[in-house]
A.B. asks: 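Structure incoming, see below.
Heads up: numbering here begins at 1 and tracks the sequence. Please read these numbers as outputs of a predicted model, since none were measured by experiment.
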Amino acid sequence: MDSTNANVDRYVSFMNIDCYQHASDVIGCILEVTADKQYTNLFWEAFKAKIPQCYYEHQSDEKVLYHVCASVFYIEELFEESAHEAGLELMKNCEYQCC
């Protein structure tokens, strides 16, 4: 890789990528979508119960990212079923850059 290249390869370094913020944005969308009873179920209730406390305290912690990355396919399915385009885009961005 050319050392003058301004692009950062996420497989070499996560510098300048705020993975906590990406994951937090995804969780925010999940909470928004699942507030509608049409899109919640036992899985999502369990998922929400396991959201790390640091998310609610706005403290950067890798646990938030791990929680999102462990459920990528379920999250994408939720956003697709609910037609939540912003959430789907945020999830794809988070998955590509951080998971």
A.B. asks: Within this structure, what is the CG-CD distance for the pair Leu90 and Gln21, rounded to the nearest 0.5 Å?
C.D. replies: 9.5 Å

A.B. asks: Asp36 vs Ser82, test: side chain to side chain contact (heavy atoms under 4.5 Å, CB included). Steps then yes/no.
C.D. replies: CA-CA 10 Å; Asp36 182 339; Ser82 64; over 6 Å; no

A.B. asks: Compute whether any side-chain donor of one residue and acceptor of the other, for Glu95 and His22, lie under 3.5 angstrom apart.
C.D. replies: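 There is no such pair between these side chains.
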
A.B. asks: Would you kindly say whether the two SG atoms, from Cys98 and from Cys19, are closer than 2.5 Å?
C.D. replies: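 Yes - the two cysteines, Cys98 and Cys19, have SG atoms within less than 2.5 Å of each other.
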
A.B. asks: Using distance alone, with no hydrogens and no angle criterion, decide if Gln97 and Asn93 have a side-chain donor and acceptor under 3.5 Å apart.
C.D. replies: yes

A.B. asks: Which distance, rounded to the nearest 0.5 Å, do you find between the CD1 of Ile51 and the NZ of Lys63?
C.D. replies: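 Reported to 0.5 Å precision, the distance equals 14.0 Å.
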
A.B. asks: If you count the non-hydrogen atoms of other residues, nucleotides and ligands that lie under 6.0 Å from CZ in Phe73, is the total more than 12?
C.D. replies: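 Counting neighbours around CZ of Phe73, 12 or fewer heavy atoms of other residues, nucleotides or ligands fall under 6.0 Å, so no.
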
A.B. asks: Evaluate the side-chain proximity of Gln59 to Gln53: yes if any heavy-atom separation is below 4.5 Å, no if none is.
C.D. replies: no

A.B. asks: How many angstroms lie between SG in Cys69 and CD in Glu62, if you round to the nearest 0.5 Å?
C.D. replies: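 Taking SG in Cys69 and CD in Glu62, the distance rounds to 11.5 Å.
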
A.B. asks: Indicate whether the side chain of Asn41 and that of Glu45 have a donor and an acceptor atom separated by less than 3.5 Å.
C.D. replies: no

A.B. asks: Give a yes or no on this: more than 12 heavy atoms of other residues, nucleotides or ligands lie within 6.0 Å of atom OH of Tyr74.
C.D. replies: no

A.B. asks: Under 4.5 Å between side-chain heavy atoms, counting indirect links through other Ile/Leu/Val/Met/Phe/Trp/Tyr residues: same cluster for Ile27 and Tyr96 or not?
C.D. replies: no

A.B. asks: Using a 4.5 Å cut-off on heavy atoms from C-beta on, say whether the side chain of Cys94 contacts that of Val68.
C.D. replies: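 Yes. Closest side-chain heavy atoms under 4.5 Å.
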
A.B. asks: With a 4.5 Å limit on heavy-atom distance, are the side chains of Asp61 and Pro52 in contact?
C.D. replies: no

A.B. asks: Please report the interatomic distance OH(Tyr55) to CG(Leu65), rounded to the nearest 0.5 Å.
C.D. replies: 14.0 Å

A.B. asks: Could you give me the CA-CA distance, side-chain angles and deciding distance for Tyr20 and Asp18, then say whether side chain to side chain contact (heavy atoms under 4.5 Å, CB included) is met?
C.D. replies: CA-CA 5 Å; Tyr20 166 77; Asp18 190 349; 3.8 Å; yes

A.B. asks: With a sphere of 6.0 Å drawn around NZ of Lys48, does it hold more than 12 non-hydrogen atoms of other residues, nucleotides or ligands?
C.D. replies: yes

A.B. asks: Quick one: CG on Leu31 to OG1 on Thr40, what's the gap to the nearest 0.5 Å?
C.D. replies: 10.0 Å

A.B. asks: What is the minimum heavy-atom distance between Trp44 and Tyr39, and which atoms define it?
C.D. replies: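 Scanning both residues, the minimum pair turns out to be CD1-O, 3.7 Å.
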
A.B. asks: So, do His67 and Phe47 have ring centers that fall under 6.0 Å from each other?
C.D. replies: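 Centroid separation for His67 and Phe47: below 6.0 Å.
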
A.B. asks: What's the shortest heavy-atom distance between Phe43 and Ser71, and which atoms?
C.D. replies: CZ-OG, 4.1 Å

A.B. asks: Can you tell me how far apart CD (Glu32) and CZ (Phe79) are? Round to the nearest 0.5 Å.
C.D. replies: 8.5 Å

